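Presented below is the structure to which this report refers.
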There are 2 protein chains.
Amino acid sequence: MASLTAGNRRPVRLADIAKAAGVSHGTASNVFSRPEIVREEVRERVKAAAEAMGYGGPDPKGRLLRAGKVNAIGVATAEPLSYFFDDPFARVMMAGISQACDATGAGISLVSAGNNEQLAWNIQSALVDGFIVFCIEGGSRLVQLARERKLPFVALDLASEDGSVATIGIDNVAGAAMAARHLTDLGHRRFAVLALQFVDGRTGPVSPEQVQTAVYAGTRDRLTGYFQELSRVGVDTSKVPVYETANDVASTIAALEAIFGVAEPPTAILAMSDRMALVALEWLSARKLNVPNDVSVVGFDGVPESAVSEPPLTTVAQPIAEIGRLAVKAILENDGTTNRRQLPVELIVRASSAPPRG
Amino acid sequence: MASLTAGNRRPVRLADIAKAAGVSHGTASNVFSRPEIVREEVRERVKAAAEAMGYGGPDPKGRLLRAGKVNAIGVATAEPLSYFFDDPFARVMMAGISQACDATGAGISLVSAGNNEQLAWNIQSALVDGFIVFCIEGGSRLVQLARERKLPFVALDLASEDGSVATIGIDNVAGAAMAARHLTDLGHRRFAVLALQFVDGRTGPVSPEQVQTAVYAGTRDRLTGYFQELSRVGVDTSKVPVYETANDVASTIAALEAIFGVAEPPTAILAMSDRMALVALEWLSARKLNVPNDVSVVGFDGVPESAVSEPPLTTVAQPIAEIGRLAVKAILENDGTTNRRQLPVELIVRASSAPPRG
DNA sequence: CACTTTCGTTGGATCGATTCAAATTTTGCT
DNA sequence: AGCAAAATTTGAATCGATCCAACGAAAGTG
């Protein structure tokens, strides 16, 4: 086989075709980046040379270095990459991010990794102009890594104490209080809470002391909101069972079994995510417990699935896509001001909540 | 405000900290890329300088140029970016791609664009080692652009005539024939076909001549498979209504209205995608037509949603995630051989198909 | 003590483009 | 033709790193 099509070709550079066409590399560059300023005859000659030599256009790797801007934003998470396509919350968020990126012509780079070292490396070597950090499990580490990169970044969902990190989120306390208020208004007085992570890698019942040491302020704030309202109507919050889950099916079911394995089970479940709430719906239905008549369930997030569950879920809806859009905007227009935005939430009452029996 | 934290800092370069630490840039580079070969005392000094000057580690932009490899693959489509997160087929595919990328430590860049020029630019300037091209609408243009980039790429779903483009796909003829065979075995003889695009940007009824001029070989092959089987049992395929849709709700409903707006409507629908089949299920149910008793519906793809529809959908399942994994592998191990793989499909019989009435 | 290894460090070359001031060619006008 | 203005083209500098041959110093050997 000669060197006709494939073979041991080292890539063709702009300089090569410049030489072939008998022009300077400056001119050759112009042919591709500002064709209008080069004389037609020359332009055609260079293009012909490029074609003949199999030149695929200016290599972005080279341009990049000069230009400085990558024109892409990185979306990072400590979850496996498939999280972006599986999790309903993430999907809606990504839709918002996508929309903003489409509008501005920016690309999206998904950053994640199997193990921890690779995560670090991937963040360190990501070709992006900034990061949107999905703070689920392992959020604090992610924020740390992103910060080290000295690029603009915004953290989602982790209302970190550290005021220096830009975040876009919601008023978790108020949102949670709305959910609880809805249930107390209906007359409920016996509650259980399905909580998101307070700290990484733990599931199970949560004591009040453990709440104090929460890494995830979002989780803590939602609990605060719930308890604020419950206290208001005289519920002893120290007796309200709070179960921490990994926001997956297994640990949520474990929590449910513990919650309903007692003599006087709750009449209402406050779930910190729709995902957990939806699992609860299924589990209760399998147990022949009627929602909302035996048990009311209120979720959090407002993912699309919550509207089509059986029964449709009462939930506190976040403007998820809007958060995504704003995050992109914050990074692209990064004006140096580290800002923290809070968007409004909305209680959506559907069929999963009703007054308690009797 | 002085230049304390923010300000008009131009970014710190490796050379800057080398000078500050009193070492050559070569040594400074080694501190980050091969720390073990530099004497501890020097290493600490350089690291301290980096810390002090707010250096965020070697800029990947610089490294990239030298290294040549980006370690990321681009996934391109002509649809808006959100397609990746909305469409069930795309999501399963992306899950497979993600998995393979996670395993090898490669990143994923989503490439798309609002308009056509931007698409070209985005493909030309994507920082990737290769492309996976989602050939839905506008597939041929995408393939063309990807090819011009002279990077390895594989096309999904578009079984292009052009043998020079690598593809990973399925045997569409055989898969479609299986679907049709299932229905003919049940006794059906009156059919209608919900077809994917034969050419870009057209929807509505399709004439046999139009089928010949199909740009999308996948669509054509599925129809061929359907008709092969229908002919075998004596159905006059020239009388079988074939409606081209954009694989969205609106055009599918329009097709359904045309299909059922006749005196003797079909007893079975052959849908070239689960998406259309699921729309058909809803539409039929709203029309008080019972599936499968009044009408049988068979989909194509085997997306997760098909298992939980009402009723669950009989469909031809592609190994979607596996296709994604293989595509990544093909690009990463790009050995220069343009190969075309065909993976097996499987008929999954669920509750949306039954013998026709009477 | 002279001589070979080993270890660390240096600085120039390179990756592939873009940019821009200066040089050169064309064009326009009288 | 003569000259200024406009249009093109040139080539050096730059972007931010990595690589590597060569070199100096310290350690080991006979």
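Hydrogens, waters and symmetry mates play no part in the numbers below; they use all other heavy atoms, side chains included. Bear in mind that the values here come from a model prediction, so they are computed numbers and not experimental data.
Between Thr27(B) and dT9(C) there is no side-chain N or O to OP1 or OP2 distance below 4.0 Å.
You'll find the side chain of Phe131(A) stays beyond 4.5 Å of the side chain of Leu145(A), heavy atoms only.
Bracketed by its first and final contacts, the part of DNA chain D lying under 4.0 Å from non-hydrogen atoms of chain B reaches from dG16(D) to dC19(D) in 5' to 3' order.
Across all their heavy atoms, Met53(A) and Ala20(A) have their closest contact at SD-CB, 3.6 Å. Shown here for Leu127(A) and Arg149(A), the closest heavy-atom pair between the two residues is N-NH2, 4.3 Å. The two residues Lys47(B) and Val31(B) have their closest heavy-atom pair at CG-CG1, 4.1 Å. Here the closest non-hydrogen pair linking Leu81(A) and Ala106(B) is CD1-O, 4.5 Å.
Using a 4.0 Å cut-off on heavy atoms, the residues of residues 46-68 of chain A that approach DNA chain D are Leu65(A), Arg66(A), listed by number.
Rounded to an integer number of Å, the gap from Asp16(A) CG to dC15(C) C1' is 13 Å. In this structure, CD1 of Ile17(A) is placed 11 Å from P of dT18(C), rounded to the nearest angstrom. Here the P atom of nucleotide dT26(C) and the CD atom of Glu41(A) are 11 Å apart, to the nearest Å. Here the P atom of nucleotide dT19(C) and the CG atom of Leu14(A) are 12 Å apart, to the nearest Å. Across the protein-nucleic acid pair, Ile37(A) atom CD1 and dT19(C) atom P stand 10 Å apart, rounded to whole Å.
The backbone N or O of Gly68(A) sits less than 3.5 Å from a side-chain atom of Lys61(B), completing a donor-acceptor pair.
Rounding to the nearest 0.5 angstrom, the gap separating the CG atom in Leu326(A) from the CZ atom in Arg341(A) is 5.0 Å.
Between His25(B) and Gly26(A), the residue whose closest nucleotide on DNA chain C is further toward the 5' end is His25(B). Looking at which nucleotide of DNA chain C each of Asn30(A) and Val42(B) is closest to, the 5′-most match is held by Val42(B).
The six-membered or imidazole ring of Phe84(A) lies near that of Phe134(A), with a centre-to-centre distance under 6.0 Å.
Of the residues Leu151(A), Asn71(A), Val70(A), Val75(A), the one that meets the side chain to side chain contact (heavy atoms under 4.5 Å, CB included) test with Val128(A) is Leu151(A).
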